[in-house]
Amino acid sequence: MCGICGLWYFARDRAVEPELLARMTRSLAHRGPDEESVHREGSVGLGFRRLSIIDVAGSHQPIANEDGTIHLVCNGEVYNFQELRAQLVGRHSFRTHGDLEPILHGYEDHGVAWVRSLRGMYAFALWDRNRDTVTLGVDRFGKKPLYYLLDGQRLAFGSELKSIAALPDLPRQLDPAAFDEYLSTGYIRAPRTIYQAIRKLPPGHTLTVTRDGQARLEPYWEPRLAPPA
């Protein structure tokens, strides 16, 4: 288990505060005791806490593509990474032996549609400087959660609510429908969370956000039920 978080201000002249990004990242320390790292690039910042399992000596995050225009943070495991790596190795220079770098290079070649090739449990965020977008994605069953705030001025996200709750000006109003669902079932289904301002990315979905604050939520998979015998 690892933890990811990030903050993107849509105004180009507003830089991500290093203290705030550090606070968001450290709120996830229990998810990743082995390493803490961040990437700040003007108005965008990515944070990562690592629990080292595969490629212990390598696979540091955030991880960038060859020219540094795309950065990835990911929590989870891609089971078919060796198969995906074999498809990409002739066109890309791999710096690690881990399971997450194929997400990065597959996105370079195929865009967001590459997520359909992934088999595993994961939640990821991709900052694409050339496209000026941040793309979030979660696995088909939502095994790895990802929460986000999108308020027209910024995008904030994290593996847990507490990383977004580190924002000093986060609206704290509760969602009455979510509260009722929690009392009834002990669980809150995506996209709701206990906060009105924060959403949870539904299983099998990606969310692509552009510099103007527009967001495109897209399903890439849904279960197919077998017909009755």
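Residues take their numbers from the sequence shown, with the count starting at 1.
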Passes side-chain contact (heavy atoms from CB on, under 4.5 Å), D175 versus T193? Steps please. CA-CA 7 Å; D175 184 329; T193 75; over 6 Å; no

Between H110 and Q87, does a side-chain contact (heavy atoms from CB on, under 4.5 Å) hold up when you go through it step by step? CA-CA 12 Å; H110 305 286; Q87 298 176 30; 5.8 Å; no

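When the side chains of ILVMFWY residues are joined at heavy-atom separations under 4.5 Å, either directly or via intervening members, I198 and L150 end up in two distinct hydrophobic clusters. Hydrophobic clustering of Ile, Leu, Val, Met, Phe, Trp and Tyr side chains at less than 4.5 Å, counting indirect connections, keeps L155 apart from L170.
Taking 4.0 Å as the cut-off between side-chain N and carboxylate O, E101 and R95 do not count as a salt-bridged pair. Between R12 and D132 there is a salt bridge, since a side-chain N of the basic residue sits under 4.0 Å from a carboxylate O of the acidic one.
A heavy-atom distance below 4.5 Å is not found between the side chains of Q196 and P171. Side-chain contact between R119 and R140 is present, with heavy atoms from C-beta onward closer than 4.5 Å. With contacts defined as side-chain heavy-atom distances shorter than 4.5 Å, the pair E66/H105 qualifies. Considering only heavy atoms from C-beta on, S43 stays 4.5 Å or farther from F10 through its side chain. M121 has its side chain out of reach of F141: every pair of non-hydrogen atoms, C-beta onward, lies at least 4.5 Å apart. Looking at Y107 and V112, their side chains come closer than 4.5 Å, going by heavy atoms from C-beta outward. Between F157 and L46, some side-chain heavy-atom pair lies under the 4.5 Å cut-off.
Between Y220 and W114, a ring centre-to-centre spacing not shorter than 6.0 Å is recorded.
I103 pairs in a side chain to side chain contact (heavy atoms under 4.5 Å, CB included) with only one of the listed residues (I63, L118, V115, L84), which is L118. Tested against P202 for a side chain to side chain contact (heavy atoms under 4.5 Å, CB included), the candidates H205, R199, K200 yield a single pass: H205.
With R172 contributing its side chain and A165 its backbone, the two residues share a donor-acceptor pair below 3.5 Å.
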